[in-house]
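Below you'll find the structure, written out as structure tokens, and then a few comments.
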Amino acid sequence: MNVTLRQLRVFRAVAAGRNFSRAGDQVGLTQPAVSRSISELEAQLGLKLLDRTTREVALTEAGQSLAARLDRVLDELEQALADTHDMASARRGKVRVASSPTLSANLMPGCIAECARRHPEIEFVLLDRIQKDVLDSVRAGEVDFGVVVEPPAADDLYGETILEDPFCLILHPSHRLATRSSVRWSALDGESLVLLDHASGSRRLIDDALAGHGAHCEVRQQVGHATTAFRMVEAGIGISVMPALAVPPAGLQALAVRPLVPRMQRAIMLVHRRNRAPSPLAQRVWRLVRETVALSPSSRSPPHPARSTPRTK
């Protein structure tokens, strides 16, 4: 059965006025078009709905039954369509975004501030969580979308890369490798490391890079936050591999930061459920995050932050 909304609206108009010409004026169709629409509807239903003579239009029993229910059905459908249309032009509401800690600290404040400036009617709610919990929140529909380090293959998620973030070496200025302008991954072989733990989306990529370049290291400490790792490096516990984004914009006053070569990087991505697109309002915030990150200093800075140490501003 292939009954159209226009056919039902035409029938309602004819049933209400019992006249094809007046019905045509009401729905914006010619009389022949009204007649054709009614005939098509009757053919789809396999029932005669109207008895037509040169003098009058009368409803059959089937026509009376349909007409009695049609007003409520069409009113509800038209309201549902209007509500859906309003969603497409929605300007006000709440958008929930989940992000892992390093990204929450170094990317999201600028995005939230830009959203407040450009779209004060949108409430940008950030959930600061470890990467696994961010992905779980996206999959469960708890948030509109997530900001993550490239996850392992996930067929149930759609992702868009918004930033490439290279890894760098964090070490004490007295360390033998601090004299170099850049450090090869292979030169880390045998070193003691302080790394982010496996709750971080970056840890898998760091481990793969070390193994791929033959750097067999002792991981002395695994921590949840980059700041903790920096303090441990200052204390001489080991050196650290970190994404460049984890380094504060003002640099690390007591530590050296050196690029690692060959360049290895992590992709920062926006993700949502593959088979469920974000709401129009969430799509506006998605675009805003993408545009804000593209214009941020982190996206324009040199790939390898070779900073002198100590650094003052």
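Side chains included, hydrogens not; waters and symmetry mates left out as well; all remaining heavy atoms used.
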Is I122 reachable from L126 through a run of hydrophobic residues whose side-chain heavy atoms are each under 4.5 Å from the next?
yes
Near R6 CZ, under 6.0 Å, is it more than 12 heavy atoms from other residues, nucleotides or ligands?
no
Are V95 and W286 side-chain neighbours, meaning at least one heavy-atom pair lies under 4.5 Å?
no
Does any part of the side chain of I268, heavy atoms only, come nearer than 4.5 Å to the side chain of V293, both counted from C-beta?
no
Tell me whether the count of non-hydrogen atoms from other residues, nucleotides or ligands lying under 6.0 Å of CZ in R69 goes above 12.
no
Polar side-chain atom of Q7 near backbone of E40 as donor-acceptor pair, under 3.5 Å:
no
Check for me, please, whether V73 and L41 land in the same ILVMFWY cluster - side-chain distances under 4.5 Å, paths through other members count.
no
Atom of P262, atom of H213 and distance for their closest heavy-atom approach:
CG-NE2, 3.3 Å
Is the closest side-chain heavy-atom distance between R284 and L281 below 4.5 Å?
yes
Any carboxylate oxygen within less than 4.0 angstrom of a Lys/Arg side-chain nitrogen, looking at E191 and R176?
yes
Between L255 and E234, what is the shortest heavy-atom contact and its length?
CD2-CG, 3.6 Å
Distance-minimising heavy-atom pair for A67 and A15:
CB-CB, 4.1 Å
Residue set satisfying side chain to side chain donor-acceptor pair (under 3.5 Å) with T161, at least two apart, ordered chain then number -> none
Taking a hydrophobic cluster as the set of Ile, Leu, Val, Met, Phe, Trp and Tyr residues connected by side-chain heavy atoms closer than 4.5 Å, whether directly or through intermediates, do L66 and V3 fall within one such cluster?
yes
Connected to V125, directly or through other members, by ILVMFWY side-chain contacts below 4.5 Å are L127, V134, L135, V138, V143, V148, L157, M269, V271
Just wondering, do D144 and V97 contact through their side chains at under 4.5 Å, heavy atoms?
no
R274 side chain reached by D156 side chain, heavy atoms, under 4.5 Å
no
To check you understand the geometry: which heavy-atom pair defines the closest contact between P259 and S181, and what is its length?
CD-O, 3.3 Å
Paired with P166, the side chain to side chain contact (heavy atoms under 4.5 Å, CB included) test is passed by just one of M264, R266, R263, namely R263
Transitively linked via ILVMFWY side-chain contacts under 4.5 Å: I112 with L288?
no
Identified salt bridge (charged side-chain N to carboxylate O under 4.0 Å, His left out) counterpart of E42 within the set R52, K48, R36
R52
Main-chain N/O of G238 paired with R220 side-chain donor or acceptor, under 3.5 Å:
no
Taking a hydrophobic cluster as the set of Ile, Leu, Val, Met, Phe, Trp and Tyr residues connected by side-chain heavy atoms closer than 4.5 Å, whether directly or through intermediates, do I130 and L270 fall within one such cluster?
no
Per side chain to side chain contact (heavy atoms under 4.5 Å, CB included), I237 is matched among M232, R231, H172 by M232
Do Q265 side-chain atoms and E164 backbone N/O form a donor-acceptor pair below 3.5 Å?
no
Does any part of the side chain of F124, heavy atoms only, come nearer than 4.5 Å to the side chain of V289, both counted from C-beta?
yes
Heavy atoms, side chains only, cut-off 4.5 Å: are R258 and R180 in contact?
no
Give me the atom names and distance for the closest heavy-atom approach of G24 to V34.
CA-CG2, 3.5 Å
Where is the tightest heavy-atom contact between V27 and R9, given as atom of each residue plus distance?
CG1-O, 4.1 Å
Salt bridge (Lys or Arg N to Asp or Glu O under 4.0 Å) assessment of D71 paired with R12
CA-CA 8 Å; D71 278 344; R12 180 171 65 172; 3.7 Å; yes
